[in-house]
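Quick notes on the structure that follows.
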Amino acid sequence: MIKKTIALAAIALTAIATTAEARDQIRIVGSSTVFPFATAVAEQFGKSSPFKTPVVESTGSGGGMKLFCAGIGLGHPDITNASRRIKNSEFKKCTAKGIRITEVKFGFDGIVLANSKKTAALKISKKQIFQALAQKVPMNGKLVDNPYKKWSDIDPSLPATKIEVLGPPPTSGTRDAFVELAMEGGAKKFPSLKALRKKNKKAFKAIAHAIREDGAFVEAGENDNLIVQKLEANPATTGIFGFSFLDQNGDKIQGALVDDTSPTFENIAGGKYGVSRSLFFYVKQQHVDVVPGIKEFVREFTAEKAWGEDGYLVDKGLIPLPAADRKMISSSANNLSQLNM
Amino acid sequence: MTDNMPRSIQSGPDLSAARIARRNRSERWFRQLGILAIGSALLMLAVLMTSITSKGYSAFWQTQIAINVNFASSDVLPTEKVNFRGLARRSIRALFPDVKSRRDKRALYKLFSNGIGYELRDAIQRDPSLLGQSKRIWVKASADTDMLVKGFIERAVKQSDRRLSDKQLTWFDRLEKDGRIAKRFNLTFFTQADSREPEQAGILGALIGSILTLSVTLLLVFPVGVAAAIYLEEFAPKNRWSDVIEVNINNLAAVPSIVFGLLGLAVLLNWVGLPRSTPIAGGVVLALMTLPTIIISSRSALKAVPPSIREAAIGMGASPLQTVSHHVLPLAMPGMMTGAIIGMAQALGETAPLLMIGMVAFIVDVPGGFTDAATVLPVQIFLWADAPERAFVEKTSAAIMVLVAFLIAMNLFAILMRKKFERRW
C-alpha cells in the first residue's frame, strides 16, 4: 500500500510540473472592498463570453499591488483591484519591472458609521469622530491620552452612551480610507494639529492615524455581515463598514450623519458625503494579448450595463461615477492608455 | 490532616468510618466533576450545532416561481443563438400585462433570479422536445424574494428600508395567490460552485477542491510521516542528533500555520513554479503543516506496541525490517490512522496558509483536476461570511454544516479502516 501511494504521489507531482505554464484564465487579485464588484463582473463575463470565468482573489489593496508589480509573465496576475489609487512607490516598483499599467477608476464607495435602528441615528462631525477614536487628542493646548468615555463627554448633543465602535483591522483598505478621510479630516479641524501638519506632515499623520487601543474601538472582521448582527444585538455600539452593507441591511441599521450629510446613494454619488473614496482596477498591458479575454473583460467592466446607473454593480452596492466621467474613462480604458505618474 | 498523621503511623491504616466516608465523598465528587465536564462539553457542542443548524437549514430550500414559457419554434437550435434572457423576460411580462413603465419592469424582473435565461437554456438542452410548445416552468426566485418567503424581510418595515418595494410585494402576493410560488429542495447548492448571486451559489466547487487538496496532502504526508516515525522509533541510533531532530519536530508542530503559507509562496510557487490557487500547491503546503502531527502520533502508536512482540520476532530469526513490517507496523497501524485523521481534520479546517498561495479566491468553475484553480470549504465559508447580501448568512451556516458532515464522513471512514486492520494480542 505504501509503495503504491508513494508512486501515485510521484506521478501526481510530475504531471503538475509539465502543465504549470499555459494559462487561459484571467487572474485578478486585490482589494476586498472591490472583491464583490470584480467577482460580479467576472461571473457575468464568464457566462456571456466564450472565455473562462476569471479567478478573483481577495488579497487586500496593498497585497494585490505587491503581487501585480512582481513581474511580467503567466505566473503573475493580470489585473489588480484597489480601494485607493496606486501609490507612487508602488508605481515605481511596477515600472522598475517594465510593467505598463492602465488605470481604470470605476466607481465610489462610501464608508459609513452605522448603528441599530432601535436607537436614534448618530449626528456627528469629523472632528468628533477624531475625538472619539484617536489615541491622543488635543486638550487645553496639549496632547493627552483620549479621556472620552461616553459620546456625550465630547459634545452634549451626542448620546450619553459608552463609546464602542466596531471597525476594520489595520490590514484593510477600509481602515486606510477611514483613517485618511475621517480621522485626518477631523484632526485638521484642530488649529494646533493643523499647524503641525504644515510643519511636519509625518508627525501629524502619526497622531491622526493612531486609533485608540483602550477598548473603545474594537477590531472586528472587515466588512463582515456578523457586524450587522452584533449591532442589532447591542444598539449602543456603532460599526464602520462599506456602503454596500448599509444598502443591503437598511431595515436593521442606519448610517450616521457625518457633517450633517447622511450616507445615501445620492449624497455619495454627488460627492457631498465626506467619507467616500474611489475604487480602481489596474491592468497589466503586456498580458493583454497573451492571456485571452483581458480586453473583453475590461469592456464588460466598463459597460453601462455593469457600472452605469442601472447596472448590475449598482445592485451590489457600487456608487457609479458621473455619466461624463464614465464616458471618458471607458474610452481610455478600452484603448488601454498608459498610466504615467 | 497533619494532626491525624502520628496516630495513623502508630496504629496502622486508619479505617475509621469518618475517613472512609470522606474518601467515598471525594470519590463521588470527582465522578460528578467528570460528568459535569463531559456535560458542559456536550452542551457547548449542542449549542454550537443548534445555532448553526437553525440558521443554516433554510439554505437547503430555495423559492421557485412558475412561469409560462412559450418556446416558439423560431427559437431554433443551436441554443447559443437564442436570446434566452429576452425569452425569460417576455414570459415574466406576460404574467403582469399591467406593468408598463421601464422602471416597473426592472423592479418586476428583480423578483426573479437574473440567471433564469440560463435555466431556460438548460431546460431546452435537456429536453429539445419543448421546442414549439408552451410550458409551465419553475425557475429560481431572486435572493430577495427568497428572503421574503423565508421571513427574513419584514413587511412591516418602512418601504425605503426594505430590499423589496410595496409594488414588488403586491406582485409577489399575486404570484403566491396564483400558486406560482413554491419552496423546493435547493439542488443548486450541491451542484454548483460559487456565485455572486446567492440563489445561484453552491458548495460543490469548494467540496471538490477540499477533496482534491486533502488527497494530495494525504498521499504525501502519510507515507513520509510513517516512514519518518518508523525510522526514528525503530532504527535511529539514540544520540544527540536524533534528540535534536525530535525537538525540532515537536517545535514544528507548534508553528503557526500562516508560516507554512509563506513558505509555500516562496518555495512552491516562486521557486518550484507550481501554479497558483491550485489543489496541488495547497495540498503540499498542508502536507508540510500536518507532517509533524503525523510523525508524533505515529511514533506514539509504535511505542504502544509491546516490546515482547519485537523480541519474539527477533527470537524467531526475523530481521529488523521484517520485525517492523510484519509485526510492529500492522499492530501500530490503527493508532497511526487515528493520527492521520487528526492531521487531516486539522488540514481540512485551515484557511490561513491557503491565503498566501491564492486559494482564497472567487472561483465559478468546479475544479476538474489537481492543477485547476480551486478553493476549499473553510475558505468558502470565510468568503460567504464576508458577503454583504443577507441571503449569504444562511448559506454560510449551511456551508459549515457541509464541512462538519465531511469531517464526520472522514472520521467514519477512519474508524471503519481501523476496525478492519485492528489486531488483538
Side-chain angles (χ1 to χ4, degrees), chain A residues 2-3 5-6 8-9 12-13 15-17 19-21 23 25 27-29 32 35-36 38-44 46-47 52-59 67 70 74-75 77 117 221-226 228-229 241-242 244-252 254 310 312 315-317, chain B residues 102-103 106 110 114-115 117-118 153-154 157-158 160-163 194-197 200 215-216 218-220 222-224 226-227 269-270 272-278 280-281 283-284 355 358-365 369-373 382-390 392-393 396:
Chain A
I2 293 172
K3 261 188 204 156
T5 47
I6 294 174
L8 272 175
L13 268 177
I16 304 333
T19 52
E21 271 312 300
R23 175 148 75 79
Q25 207 168 18
R27 305 292 306 236
I28 303 170
V29 294
S32 53
F35 184 77
T39 48
V41 176
E43 191 175 354
Q44 279 301 320
K47 275 185 182 164
K52 272 178 122 177
T53 309
V55 172
V56 189
E57 278 180 49
S58 170
T59 61
L67 288 165
L74 293 178
K117 280 239 148 136
E222 175 179 16
N223 292 351
D224 198 320
N225 59 30
L226 289 176
V228 177
Q229 294 171 31
F241 35 72
S244 52
F245 278 79
L246 180 64
D247 189 39
Q248 291 278 346
N249 296 289
D251 55 344
K252 290 187 178 163
Q254 56 194 351
D310 290 329
Y312 57 78
D315 290 342
K316 297 274 163 219
Chain B
R102 210 175 101 81
R103 215 187 162 77
R106 287 176 53 83
K110 282 200 179 140
N114 76 359
Y118 304 103
I153 292 182
E154 279 172 45
V157 184
K158 233 172 37 190
S160 58
D161 298 340
R162 242 191 275 126
R163 294 281 301 162
D194 201 2
S195 167
R196 280 300 298 144
E197 307 301 328
Q200 296 169 40
S215 45
V216 172
L218 187 64
L219 285 179
L220 282 177
F222 196 62
V224 173
V226 168
L269 299 192
N270 294 347
V272 181
L274 287 183
R276 229 178 129 75
S277 327
T278 52
I280 182 77
V284 176
L355 181 75
M359 288 187 90
V360 180
F362 173 75
I363 291 157
V364 176
D365 304 316
F370 293 104
T371 51
D372 284 354
F382 168 73
L383 288 176
W384 282 350
D386 255 10
E389 288 85 2
R390 184 164 307 160
F392 275 121
V393 176
T396 310

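Here the structure is a predicted model, which is why all the values come from computation and not from measurement. Each chain gets a letter, A, B and so on, in the order its sequence line appears, and its residues count up from 1.
In this structure, no portion of L269(B) lies under 4.5 Å from any heavy atom of chain A. There is no contact between K158(B) and chain A, counting heavy-atom distances below 4.5 Å. Residue Q254(A): no heavy atom, backbone or side chain, is found under 4.5 Å from chain B. Looking at N114(B), the atoms closer than 4.5 Å to chain A (heavy atoms on both sides) all sit in the side chain, from C-beta outward. Heavy-atom distances place the backbone of P54(A), and not its side chain, under 4.5 Å from chain B.
At least one donor-acceptor pair under 3.5 Å links the side chain of R196(B) to the backbone N or O of P36(A).
Highest contact tally toward chain B, considering only K52(A), K47(A), K117(A), is held by K47(A) [criterion: heavy-atom pairs under 4.5 Å]. For the set D247(A), L246(A), I28(A), the entry with the most heavy-atom pairs within less than 4.5 Å of chain B is D247(A).
Looking at L383(B) and V360(B), their side chains come closer than 4.5 Å, going by heavy atoms from C-beta outward.
Electrostatic pairing of R102(B) and D310(A) counts as a salt bridge here, judged by a charged N lying under 4.0 Å from a carboxylate O. With respect to D251(A) and R390(B), a salt bridge is recorded, a charged nitrogen being found less than 4.0 Å from a carboxylate O. The existence of a salt bridge linking R276(B) and E57(A) is confirmed by a sub-4.0 Å separation between a basic side-chain nitrogen and an acidic carboxylate oxygen. Ion pair E197(B)/K316(A) flagged as a salt bridge, since at least one NZ, NE, NH1 or NH2 atom sits closer than 4.0 Å to an Asp/Glu carboxylate oxygen.
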